[in-house]
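Both backbone and side-chain heavy atoms feed into the values below; hydrogens, waters and symmetry mates do not. To find a chain, count down the sequence lines: A is the first, B the second, and so on, and within it residues start at 1.
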Amino acid sequence: MEGLKNISLKNKVFFSTLVVISVMSTGIAVATRWIFVSNLASEHVNHLTGKLWIPFLSIICASILIAFFISYWLSKYITRPISELTKMTDEISQGNVDIKLGFGDKIRCWEIENCKEVLCPSYQNTDLPCWYLDNTLGRGGSPGSLPEKFKACRGCAVYKKRARDEVLQLADSFNNMANSIRVYRSQLKQSKEQYQSLFNSGPKPLFVLDSETLQILDANASAEEVYGYSRKELLGKPFTDLGPFEYKEAGLSDFGQGDRHNSYGVYPRVQHYKKGNKPFYVNIHASRARFGKRDAIIVATTDITEMIEKDSQLIQASKMKTLGELSAGIAHELNQPLNAIKMGNEFVKMMIQKGRKVSEEHLRQVVNEVSGQVDRAAEIIKLLRTFGRKSGFDREKVDVNSHLKAVVAIIGLQLNLENIEAKLDMDEALPPVLAHSNRLEQVIVNLLTNARDAINQKKEAGDAAGSHVIHIRSFREDDHVAIAVSDTGVGLPRAAKDKIFEPFFTTKEAGQGMGLGLSIVYGIVKDYGGDIDVDSEEGAGATFKLTFPCAP
Amino acid sequence: MEKILVIDDEKPTLNMFRLFLGAYGYTALVAENAAAGLEVFRKEKPSIVFTDIKMPGMDGFEVLKQIKEIDPMTEVIVITGHGDNDLAIQALRLNATDFINKPIDGQTLEAALKRAKKRSQVTKSKEQEVSLRTADDVAIIDIRGNVSSLSEPFLLNAYEKICEKGSAKILLHFDYSSSINGAGIAVLIRVLSESKKRNQAVAIAGLSENFRKIFHIVGIAKLARIFDSEQDAVSSL
């Protein structure tokens with residue numbers, strides 16, 4: 001019996017047909033003999049048997065022939081298609097979907113239906129029968145795709161022609177399946193290529209990192225170009241070799257509701273290093289993703305070195321502009337010690353010229369005054385130099401109070417001249433904040449000049465008398481350092497409150513302000529993770545409160 | 001001893017003023033702010049007052065106004081920052097009689113004091129501030145003391161006389177101590193514009209350095225040439 005299992009279907013059919021026919025003819029023979037034996041004498045039977053020997057042999061031969069033809073027919077219509085289907089399935093499972101079954105008649109629907117729809121996808125198409133094709137135009141245009149269009153196709157002569165042959169239907173179905181796989185595969189390939197090319201030719205450096213080790217799993221061409229490493233050098237390198245990085249979720253993107261793979265992080269102004277340890281500045285955007293079976297982080301960096309340089313130049317320029325605006329105050333302030341020095345000296349000169357004796361007491365008074373006033377002038381110059389200096393690109397721990405003092409000292413010169421009092425109240429035990437000295441000073445300068453302008457506006461409106469005060473305070477608020485600047489100026493109309501931090505918004509007269517001061521303040525404060533708040537009543541002054549997180 | 005009041009918010013400056021004024025033989029009264037200064041002024045009635053303009057609280061202009069209200073004859077010399085001519089002109093409009101720039105030069109201070117003293121003598125002696133004389137074909141108007149709105153009729157009168165005589169050459173001769181306030185400047189400009197219309201040649205001489213500067217700023221120098229001495233001016237006409 002074991003041997004039987006290895007026999008092909010065709011041979012099984014052949015042998016079984018043969019066996020059935022043999023058994024049938026033997027049966028007929030035995031039955032005939034039995035009938036004859038019961039009715040006839042044995043001699044007669046023997047004689048008859050001898051005569052029937054030839055017809056029997058012919059019947060057996062005919063049976064073999066019939067069995068052969070049956071098996072041939074079976075093989076042609078059943079076993080060959082099945083083995084071709086088997087071959088096709090094997091090919092598909094090996095990944096080759098570019099094969100077609102080539103047996104059975106091709107369906108030529110346009111000939112059957114005498115159809116002239118040249119634009120129909122089925123027209124002169126013998127690859128697939130029309131009912132497998134979407135949006136065919138024949139028979140009043142059977143729309144849609146399977147299974148909806150089947151309703152229309154069931155009654156069609158084209159379909160009926162094929163419906164009689166289940167094996168061909170199976171083959172058609174297989175062809176359609178292979179075709180669908182082929183289509184999906186090419187779509188998949190195309191989409192993969194699309195994403196690959198998006199990744200590769202993205203204008204920003206992109207990295208795929210292992211979420212555990214932060215090793216670089218993949219990097220694009222821009223990453224090679226910007227960082228100066230080849231892709232080979234980058235792969236396997238820890239991303240932290242390029243600059244500090246620690247994935248912290250800033251939030252969840254709206255894409256996947258609550259899916260942790262859609263969280264992202266943003267890290268502004270990070271110092272990174274190109275090959276050869278050349279530093280530059282980047283903004284980093286990172287988000288979680290899957291890379292194959294691994295949890296990965298996708299990181300995009302943007303080179304902002306130029307922007308930072310420009311920003312720093314802008315801050316410097318704007319400080320210099322502030323100094324320019326303060327020049328009257330500074331000149332006045334420097335003129336005071338100079339005047340005392342000059343007068344002291346002129347007094348002694350005059351006495352000498354007139355041949356009069358200067359009393360020791362007067363002389364002492366003059367020299368002491370001169371010395372003291374020189375120190376005072378030097379102090380002002382020191383202030384100017386401190387205020388005018390540049391600061392580095394990196395955030396450092398900064399003492400808010402010392403900068404408040406410096407700025408108030410400088411701007412105070414001008415404020416004095418304009419009859420505005422600057423009152424400074426500081427919490428001396430303030431922790432430092434992470435910031436740039438220059439930018440922080442710019443923030444304070446902008447707030448103070450704004451307060452001054454608000455007061456001057458009020459003065460111009462006719463309220464010249466009364467006390468004009470800018471009150472500057474520093475204090476701690478939970479884990480934040482706060483700076484508050486209050487003025488007694490015109491205040492803000494309610495409608496302006498929401499807009500004052502927008503660039504180019506100004507309540508000052510045309511030509512008086514660009515409307516950039518507060519928007520610069522806003523940008524800087526937000527950059528440091530801080531916040532800004534304004535409290536004001538029209539006509540009754542305003543208070544701006546800034547908060548900065550304490551340095552860790 | 002004559003009393004002089006100095007108002008300035010700068011203590012070192014006040015100290016030095018005290019030394020200087022003492023050396024010149026004056027009694028220096030000092031005040032560190034406007035309110036204190038006005039109080040001293042009311043009490044001591046000094047004939048000469050120096051006041052700084054930029055001061056916290058009440059400023060020098062307010063001091064000037066109030067002093068002129070109390071005693072219009074007071075010589076008020078304002079102290080301005082170096083090159084701050086706008087403030088000087090503003091002060092002259094408010095009837096300041098002179099101004100002095102910080103840092104203050106010894107000689108400048110001495111000259112300012114001398115001029116102030118002379119002016120107050122002119123005022124006190126009721127001497128004629130405007131007088132007319134002729135030298136050859138030049139009509140000369142001598143001007144002393146404070147040229148203000150009070151001088152207007154005298155100046156216009158003198159000019160009318162010149163026109164009646166038909167002089168084509170006019171010299172405005174200022175005494176070195178003379179001071180011209182805002183109203184005085186306006187009258188001068190009126191006279192000079194009129195003379196230009198009448199094709200009269202006008203020259204100015206004898207001004208102190210301070211007012212020469214002011215005449216340039218307010219445009220008087222465009223209407224009449226300014227000379228140091230009377231001779232130079234006459235020979236130019």
To the nearest 0.5 Å, what is the distance between [atom1] ([X]) and [atom2] ([Y])?
X	Y	atom1	atom2	value
A/Gln336	B/Thr13	CD	OG1	5.5 Å
B/Lys54	A/His332	NZ	NE2	7.0 Å
B/Lys11	A/Glu369	NZ	CD	9.0 Å
B/Met55	A/Asn416	CE	CG	13.5 Å
A/Glu346	B/Gln107	CD	CD	7.5 Å
A/Met343	B/Ile104	CE	CD1	4.5 Å

Which bit of B/Asp105 is near chain A, if near means a heavy-atom gap under 4.5 Å: side chain, backbone, both or neither?
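Answer is both: backbone and side chain atoms of B/Asp105 are under 4.5 Å from chain A.
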Using non-hydrogen atoms and a 4.5 Å limit, figure out which bit of B/Glu110 sits close to chain A: side chain, backbone, both or neither.
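Side chain only.
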Please determine whether the number of non-hydrogen atoms from other residues, nucleotides or ligands lying under 6.0 Å from atom [atom1] of [X] exceeds 12.
X	atom1	result
B/Lys68	NZ	yes
B/Glu44	CD	yes
B/Glu39	CD	no
A/Gln353	CD	yes

Keeping A/Asn419 on the side-chain end and B/Gly57 on the backbone end, is there a donor-acceptor pair under 3.5 Å?
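Yes, the answer is positive, given that a donor and an acceptor are paired below the 3.5 Å cut-off.
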Examine distances only and state if a side-chain atom of A/Asn335 and a backbone atom of B/Gly81 form a donor-acceptor pair shorter than 3.5 Å.
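No.
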If you compare all heavy atoms of [X] against all heavy atoms of [Y], which two are closest, and at what distance to 0.1 Å?
X	Y	answer
A/Arg356	B/Ala23	NH1-O, 2.8 Å
B/Pro103	A/Asn339	CA-OD1, 3.2 Å
B/Phe20	A/Phe347	CZ-N, 3.3 Å

Tell me, out of A/Ala340, A/Gly372, A/Ala331, who's got the most heavy-atom pairs with chain B below 4.5 Å.
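Answer, by heavy-atom pair count under 4.5 Å with chain B: A/Ala340.
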Report the option among A/Lys354, A/Lys349, A/Glu421 that has the most heavy-atom pairs separated by less than 4.5 Å from atoms of chain B.
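That would be A/Lys354.
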Chain B heavy atoms under 4.5 Å from A/Gln373: which part of the residue, side chain, backbone, both or neither?
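Only the side chain of A/Gln373 comes within 4.5 Å of chain B.
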Please look at A/Val366 and chain B and tell me whether the side chain, the backbone, both or neither of the residue comes under 4.5 angstrom of a heavy atom of that chain.
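Its backbone and side chain both get close to chain B.
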Below 4.0 angstrom, N of the basic side chain to O of the carboxylate: do B/Glu10 and A/Arg376 qualify?
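Salt bridge present between B/Glu10 and A/Arg376.
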